[in-house]
Protein chains: 2
Amino acid sequence: MPRRPTPRSITRPRGTIRSEVLAFVRGRLAAGSPPTVREVQQAFGFKAVESARQHLEALVAEGSLAKSPGRSRGYRLPADGGPELNVRLIPRLGRVQAGGLREAIEDPDGWLAVEGPATGEEMFALTVRGESMTGAGILPGDTVIVRRQDTARDGEIVVAQVRDEATVKRLRLRDGQIVLQPENPAFAPLIFAPDTEIRILGRVVEVRRRLA
Amino acid sequence: MPRRPTPRSITRPRGTIRSEVLAFVRGRLAAGSPPTVREVQQAFGFKAVESARQHLEALVAEGSLAKSPGRSRGYRLPADGGPELNVRLIPRLGRVQAGGLREAIEDPDGWLAVEGPATGEEMFALTVRGESMTGAGILPGDTVIVRRQDTARDGEIVVAQVRDEATVKRLRLRDGQIVLQPENPAFAPLIFAPDTEIRILGRVVEVRRRLA
DNA sequence: TAGTTAAACAGACATATGTCTGTTCTGTCA
DNA sequence: TGACAGAACAGACATATGTCTGTTTAACTA
């Protein structure tokens with residue numbers, strides 16, 4: 001069993017150097033800035049660039065990391081075992097007043113990272129108010145992530161603008177009527193004739209709840 | 001009002017080029033790989049590197065972006081103002097077999113981006129099986145994000161290892177007994193004496209559900 | 001002891017990438 | 001019309017960064 005000629009660091013509480021290099025790279029990737037080989041070198045106190053590169057290449061060889069050869073900061077998480085990490089930022093909206101979706105998107109309450117292809121789809125997030133959708137596992141305070149679209153199909157959970165407020169309901173199309181169906185027996189469905197002043201703002205594609 | 005000499009792209013439905021460059025960089029940052037100037041150039045079809053750099057520098061000047069001069073892929077989100085990106089990657093675990101949490105984390109099914117300070121906290125994600133927690137709005141197929149910890153307080157939703165399987169339940173501490181309480185009247189609580197072979201794996205801090 | 005091996009080291013080289021200088025294009029405005 | 005400004009372009013240069021080659025160190029082993 002070989003060993004390292006000189007100790008690289010004073011405190012090395014757990015794990016081998018190699019696994020710590022992996023942890024270091026993972027941390028940097030999570031922080032949004034993949035490290036360079038020389039940054040790894042510096043972080044571990046190596047005196048030669050190649051020392052860091054050897055560990056990195058070994059991690060690639062064993063499948064713990066992936067890389068784009070030649071590219072700067074080219075080390076990534078391995079693509080196998082899951083879809084390519086594909087995150088985008090979407091605005092978290094406050095109250096959506098009448099006709100103000102565009103304005104609300106321009107002036108968001110914050111930003112949210114969601115996974116999914118970085119297509120041109122417009123997305124936004126809303127905080128759920130009220131208990132009308134508890135039957136679908138959507139509780140007050142939950143965040144719904146919405147794909148912006150003007151139409152939706154029967155049975156989909158949508159965000160609709162009713163009068164001055166955006167509301168989350170299940171869409172039902174019956175006999176030419178538009179029904180916004182709560183998922184809570186304590187609430188009554190909202191029934192609209194076609195071409196009423198009701199507007200579909202988008203379709204709910206994800207629900208999130210923090211239990212802080 | 002100045003204008004661009006040549007159209008850069010066929011379809012440019014909304015927003016100016018500059019705001020789209022900002023969106024592009026944000027997306028790349030969120031995905032964990034800051035773009036190079038030349039990658040921005042290529043993405044927008046510029047014929048000169050400098051064209052891309054002008055937009056990037058303008059965004060830095062107006063405070064929408066920050067950068068580390070000279071560093072490769074040095075464009076960042078500004079520390080203040082703009083959308084603070086605080087994302088870290090956590091492993092999505094498959095089945096957690098007996099004693100195998102560590103092994104499961106080493107060999108994840110995939111990775112998930114979650115928001116929160118990049119502290120040293122160990123986190124992982126699990127897919128919920130069964131309907132025992134529907135009363136708490138946690139449905140089968142939901143993803144729970146778990147903060148790794150060995151203990152928990154009364155009333156918290158935890159992931160516990162019972163025999164050979166990880167399970168999500170609400171923790172109740174009564175009369176020196178450990179109770180794993182389902183949130184569904186159709187399921188019975190699991191009651192354990194202290195020091196039984198039950199182990200808290202962590203506390204559920206977030207719930208996510210995709211509605212394809 | 002000599003050979004082997006993993007790891008670290010030193011230095012150089014090739015490429016990727018940020019940056020600079022000057023030019024061209026096209027609309028705006030005096 | 002001519003000066004001006006914003007934007008894009010072309011080309012070059014300096015630096016950052018990945019990669020290669022060869023050497024040294026220290027443990028293990030036949």
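- Atom-to-atom, CD of A:Q41 to P of C:dG11 comes out at 13 Å; the value is rounded to the nearest Å.
- An OP1 or OP2 oxygen of C:dA7 is reached within less than 4.0 angstrom by a side-chain nitrogen or oxygen of A:R18.
- Note: CD (B:E39) to P (C:dT15) measures 19 Å, nearest angstrom.
- In this structure, the CD atom of A:Q42 is 14 Å from the C1' atom of D:dT17, given to the nearest Å.
- Proximity of a side-chain donor or acceptor of A:E156 to a complementary backbone N or O of A:R153 within less than 3.5 Å is detected.
- Closest to the side chain of A:P69, out of D:dT19, C:dA7, C:dT17, is D:dT19.
- One can place CG of A:L59 at 16 Å from P of C:dA6, the figure rounded to the nearest angstrom.
- Of the candidate nucleotides C:dA8, D:dT17, C:dC9, D:dT17 has the atom nearest to the side chain of A:T36.
- The separation between B:F46 atom CZ and C:dG18 atom C1' is 17 Å, rounded to whole Å.
- Proximity of a side-chain donor or acceptor of B:S68 to a complementary backbone N or O of B:R71 within less than 3.5 Å is not detected.
- Distance from the side chain of B:K67 is smallest for C:dT19 among the nucleotides C:dT19, D:dG18, C:dA8.
- Within the 6.0 Å centre-distance limit, the rings of A:H55 and A:F46 are counted as a close aromatic pair.
- The phosphate of D:dA8 (OP1 or OP2) has a side-chain N or O of B:H55 nearer than 4.0 angstrom.
- Spacing between atom CD of A:E62 and atom C1' of C:dA6 amounts to 15 Å, rounded to whole angstrom units.
- Listed candidates were D:dT19, D:dG18, C:dG18. Nearest to the side chain of A:E57 is D:dT19.
- A donor-acceptor pair under 3.5 Å is formed between the side chain of A:R209 and the backbone N or O of B:G137.
- Remark: B:S72 is not in phosphate contact with C:dG18, judged by side-chain N or O atoms under 4.0 Å from OP1 or OP2.
- Between the C1' atom of C:dT19 and the CG atom of B:L56 lies a distance of 13 Å, rounded to the nearest Å.
- When rounded to the nearest whole Å, the span between CZ of B:R73 and P of C:dG18 equals 7 Å.
- Place A:R38 and A:A48 on DNA chain C by their nearest nucleotides, and A:A48 ends up nearer the 5' end.
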Collect all protein-nucleotide pairs involving nucleotides 20-24 of chain C in which both atoms are nitrogen or oxygen and the distance is under 3.5 Å.
{"unit_1": "C:dC20", "atom_1": "OP2", "unit_2": "B:R53", "atom_2": "NH2", "d": "3.3"}
{"unit_1": "C:dC20", "atom_1": "N4", "unit_2": "B:E50", "atom_2": "OE1", "d": "2.8"}

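- Judged by distance alone, the side chains of B:R73 and B:S33 never bring a donor and an acceptor atom under 3.5 Å apart.
- Only one option out of B:T151, B:T167, B:I200 pairs with B:V158 in a side-chain contact (heavy atoms from CB on, under 4.5 Å); it is B:I200.
- In terms of heavy atoms, A:A136 sits closest to A:R170 at CB-NH2, 4.1 Å.
- If you check every strand for non-hydrogen atoms under 4.0 Å, B:S51 touches a base.
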